[in-house]
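Encoded as C-alpha cells, the structure appears first; notes follow it.
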Amino acid sequence: MPNSLEYQPVECAIVVNAAGAYSGKVAEMMGIGFGLRDTLAGIPLPVEPRKTEGERRHLHTTLQPRGVCLSVVHINFTPRRDIFTVGAMETSDEEEGRTFVQVVSEKYNPENFPYCRGNGMGVVVLSSPQGSPIKDRLNLPSVLVLDGCGISKAGDKAEVATFCAHVVELDLSHNQLQDWGEICTIVSNIPNLDFLNLSMNPLSGIELEPGLAEVFSRVRRLVLINTRVTWDTVHTLTRQTPELEELFLCLNDYDQVAESPVPCPSLRLLQITDNQLQEWSEVRKFGPMYPSLDTLVLSNNRLSSVEEDTPRDSLQRLFPNLRSINLNNSGLNRWEDIERLNFFPKLEEARLMGIPLLQPYTNKERRSLTVAQLPSVTMLNGSVVTEGEREDAERFFIRHYLDCSEETLPQRYHVLVSKYGQLAPLAEVDLRPPCTATLEVRWGERTEALSLRLEQTVGELKKELRALVGLPANGMRLYYIARDLGTALGPEEMKYSSRALHSYMIQDGDEILVVPKTKSRTISSTSSDS
C-alpha cells in the first residue's frame, strides 16, 4: 500500500516478475510497455488473466506453424527481433476435451511424415476414400501410444476404424476418459486389440454397463492402474473377456475384495500392488474368482499373515496353479507364514523383500533361512536357487536353531535333521592377517612393549622409533626375533625400508632389536720403496 510503513523503494539490478496471470498488469505498473518504441521498456508483456469456469489461467499470443502443435509453450516475437517472450498457457476445458480421432490425426498427420508414403516400416500413408475430408489416411503402427494427450471422447467411429485397423496394443493412460461409452466406442472399432492401458483416467465411481462390455472380448491384457474402478466394473469386464490373461489393478485404494459369482478361468496374472489389503481373508477370494491364476503380485500391501484354519487343504484348493507370488513390503512377521507358502502345490517363485520378519537378519542370513524354509522354490527374489546353495542354506538352518529349546523349533528343523543328521557348530576360523601386534622393542639395556601397526613399512617403523631410542632413522638397524623360532633361526635383519611389517609374520610377544649403525673403517697400509 502506498501509505504503508513497509512501502520502501528498493534498488536492484534484476527484477523477476512472478505475478502469474497478472504479470502484464505488474509490468504496466513498472512502466513496461510505455517507453520508446523498439526499446525494451516500450514492449508490453502479453500476459493477462482470463476466466475459465472460475479459474484464472495464462494467456499468451500463440505462434503455431503448420504441422506443429505448440499448445504448451508459446513464443511471441517483439518488434525487436532480438527480444521475444516465452510462456505457457493452460488450455480451457473445451480445448482439453480432445477426441481420440483428433489426437491421432495430429500426431500422425501425413505432412509430418513426408518420407513414409508407400511401402515401408512404421507409419504408412494410404489413399483415402473419395469424398473424405482428410486427403490421406494413415495405417498406424501396431503399438499405439497416446498417453497424456487430453483425450476425453472417441470421435467419429468410422475414423477410428479406418485409423486403427492394424492396432494391437493401445496406451490411453493419463488422459481424461471418464465415460465407458466413449472407451467402448474406441475399443469396438479396433478389431485386433490385444493390450489396453487405461491407467490414470478418472473412472472412479463410473460403472460399466454389461451390454457395453462385450467389446472387450478380444482383450488379453488390461491395465487399470490408479483408475479407482469399482469391483463391480472389474467383474463386468472379466465376465466379458473370455481370453483375458493379465489384469493390473494397482493403486486403486482397495481395502476389500468383492467376490464375483462368475469366475474368470483364463486369467493367469493378477497384479494388485500398492493397495490397502491387510487381511488374508480378502486375498483368498482371488482363488475361486481366478482358478487358473499363475502369478499373484501383492507387493506394497500391508498383508499381516497367511492365515488359514487348515492351510494345506485350503491353499491347495484355492490356488491349485499358483506358480509365483510377490509379497514384497508386506507385513509378514512370523516364520509360520513363510512355511504356509509350501502348501501352494505348484509354487516355484517367491519374492519376500522388505518384510518385517527378515529385518533383524543380515542379507546372507535372510536368504539362507528363507531358502531352507521353501524347498520347492527355485527362484527367490529374482535369483535362481542352485542345488549347492540349497544344501548350504539347509545346513545353515539346522545350525541356526541348535541352541533353541525343543518347543520353539520349527517343523522344518526336524525335517532337515532327518535329512542331514545332527550337525555340530562350525569352527570360527579367521584367516585375515592381524592388523596390530604387541612387541618388545629392545635397545641397549632397555626394553619397552609397543603396539605396532603391521601395515606400516620398515622405514615408517624406524621413523616411529626415533624419539624412543634416540637415534635417527638412517642411524639404526632393526632385527626381528620370532618368539617361537628365535633360538633356532636367530635374529633376521629388517633391511628393506619399503617392506611391510606383516610380511615378517609378526605375532604378539615377538621382539625387535634396535642396534646403532657403526661406520666401518678400512685401515690401509702403504709401503714405501726404501
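For this chain, numbers begin at 1 and follow the sequence in order. Below, all heavy atoms of this structure are taken into account, side chains as well, without hydrogens, waters or symmetry copies. None of the values given here were measured: they were computed from a predicted structure.
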Practice task
State which residues pass ring-ring contact (aromatic ring centres under 6.0 Å, His included) with Trp231; sequence neighbours excluded, sorted by chain then number.
Solution key: His235, Tyr254
Practice task
Would you verify whether the NZ or CZ of Lys364 falls within 45 degrees of the ring axis of Phe396 while also being under 6.0 Å from that six-membered ring's centre?
Solution key: yes
Practice task
Examine distances only and state if a side-chain atom of Asn197 and a backbone atom of Asp171 form a donor-acceptor pair shorter than 3.5 Å.
Solution key: no
Fill in the blank from the handout: Quick note, salt bridge (Lys or Arg N to Asp or Glu O under 4.0 Å) partners involving residues 467-476, not counting sequence neighbours, are none
Problem - Straight-line distance of Glu169 CD to Ser142 OG, nearest 0.5 Å - result: 7.0 Å
Exercise for the section: May I have all residue pairs that pass salt bridge (Lys or Arg N to Asp or Glu O under 4.0 Å) and include part of residues 492-514, sequence neighbours excluded? Expected result: Arg442-Glu511, Arg477-Glu493, Glu492-Arg499
Completion exercise
From the list Thr273, Asn300, Asp274, side-chain hydrogen bond (donor to acceptor under 3.5 Å, both in side chains) partner of Asn329 resolves to Asn300
Completion exercise
Nearest heavy-atom approach of Ala393 to Ser368 is CB-O, 3.4 Å
Exercise for the section: Might you confirm whether atom CE of Met505 has over 12 heavy atoms from other residues, nucleotides or ligands at distances under 6.0 Å? Expected result: no
Practice task
Check whether more than 12 heavy atoms from other residues, nucleotides or ligands sit under 6.0 Å from atom CE of Met353, and answer yes or no.
Solution key: no
Completion exercise
Residues Leu322 and Asp294: closest non-hydrogen pair is CD1-O, 3.6 Å
Practice task
Apply ring-ring contact (aromatic ring centres under 6.0 Å, His included) to Phe343 and list each qualifying residue two or more places apart in sequence or on a separate chain.
Solution key: none
Practice task
Return each pair, listed once, that meets salt bridge (Lys or Arg N to Asp or Glu O under 4.0 Å) where at least one residue sits in residues 332-343; pairs must be two or more places apart or across chains.
Solution key: Glu307-Arg334, Glu307-Arg340, Arg334-Asp337, Asp337-Arg340
Practice task
Give a yes or no on whether Tyr496 atom OH has more than 12 heavy-atom contacts from other residues, nucleotides or ligands under 6.0 Å away.
Solution key: no
Exercise for the section: Assess the side chains of Asn381 and Ser383: does a donor N or O sit below 3.5 Å from an acceptor N or O? Expected result: no
Fill in the blank from the handout: The complete set of salt bridge (Lys or Arg N to Asp or Glu O under 4.0 Å) pairs with one or both residues in residues 403-414, sequence neighbours excluded, reads Glu394-Arg412
